[in-house]
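Down below is the structure, laid out as structure tokens.
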Amino acid sequence: EVQLVESGGGLVQAGGSLRLSCAASGGSGFTVEDYAIGWFRQAPGTEREAVSCLSNDKRTYYADSVKGRFTISKDNAKNTVYLQMNSLRPEDTAVYYCAAVPALHALVTIRDEYDYWGQGTQVTVSS
């Protein structure tokens, strides 16, 4: 069973930065190298939406609303995926979730195609 644990959320002023981390584990032999990873977010009353996704071969997807401000990356040795968020805006306020699905050479951007989800971390951006 794959487990994902997000951290790094918090309260920040508009224009500030946060780095979210997603620590992945899955027992003996598990490696995030075999997975497509996504960061999603959900604000109250809205659908969970894809923010940024990363294929196992390091192709990336960014939602238009975060292009140029957010950067997704991973450290295979640590089985950890990051989301660096700069120039934060109040509209970025949401619960951010990390998701994973076993996939090779595939950039997965559809929420329902992900098998595993973290518990989420709250990001609040004040104006």
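The first residue in the sequence is number 1, and the count goes up from there. For the numbers below, each heavy atom of this structure counts, side chains included, while hydrogens, waters and symmetry mates do not.
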Using modelled atom types and a 3.5 Å cut-off, is there a donor and acceptor pairing between side-chain atoms of [X] and backbone atoms of [Y]?
X: Glu6; Y: Gly120; answer: yes
X: Thr93; Y: Val125; answer: yes
X: Asn56; Y: Glu33; answer: yes
X: Ser52; Y: Tyr61; answer: yes

Which heavy atom in [X] sits nearest to a heavy atom in [Y], and how many Å separate them?
X: Met85; Y: Tyr96; result: SD-CE2, 3.8 Å
X: Thr71; Y: Tyr62; result: CA-OH, 3.3 Å
X: Ser87; Y: Ser17; result: N-OG, 4.3 Å
X: Ser127; Y: Ala14; result: CA-CB, 4.3 Å
X: Ala50; Y: Ala63; result: O-CB, 3.6 Å

Over 12 foreign heavy atoms within 6.0 Å of CD, Glu49 = yes
Notebook entry, point to check: Can you check whether Arg41 reaches Val66 side chain to side chain, under 4.5 Å on heavy atoms?
Noted result: yes
*Does Trp39 reach the side chain of Val81, with side-chain heavy atoms less than 4.5 Å apart?*
yes
Hey, what do you get for [atom1] ([X]) to [atom2] ([Y]), rounding to the nearest 0.5 Å?
X: Asn79; Y: Ser25; atom1: CG; atom2: OG; result: 8.0 Å
X: Thr60; Y: Phe70; atom1: OG1; atom2: CZ; result: 14.5 Å
X: Thr80; Y: Leu20; atom1: OG1; atom2: CG; result: 12.5 Å
X: Gln84; Y: Leu18; atom1: CD; atom2: CG; result: 8.5 Å

If two hydrophobic side chains count as joined below 4.5 Å and joins carry through other members, does [X] share a cluster with [Y]?
X: Leu83; Y: Val123; result: yes
X: Leu54; Y: Val32; result: yes
X: Val51; Y: Ile72; result: yes

Those residues at least two apart in sequence (or on a different chain) that pass side-chain hydrogen bond (donor to acceptor under 3.5 Å, both in side chains) with Asp64 are Lys67
Do any side-chain atoms of residues 99-118 form donor-acceptor pairs under 3.5 angstrom with protein atoms, and if so which ones, sequence neighbours left out?
{"unit_1": "His105", "atom_1": "ND1", "unit_2": "Asp57", "atom_2": "OD2", "d": "3.3"}
{"unit_1": "Arg111", "atom_1": "NH1", "unit_2": "Glu47", "atom_2": "OE1", "d": "3.2"}
{"unit_1": "Arg111", "atom_1": "NH1", "unit_2": "Arg48", "atom_2": "O", "d": "3.4"}
{"unit_1": "Tyr114", "atom_1": "OH", "unit_2": "Ile37", "atom_2": "O", "d": "3.4"}
{"unit_1": "Tyr114", "atom_1": "OH", "unit_2": "Val108", "atom_2": "O", "d": "2.5"}

Salt bridge (charged side-chain N to carboxylate O under 4.0 Å, His left out) pairs touching residues 69-90, sequence neighbours excluded, are Arg69-Asp92
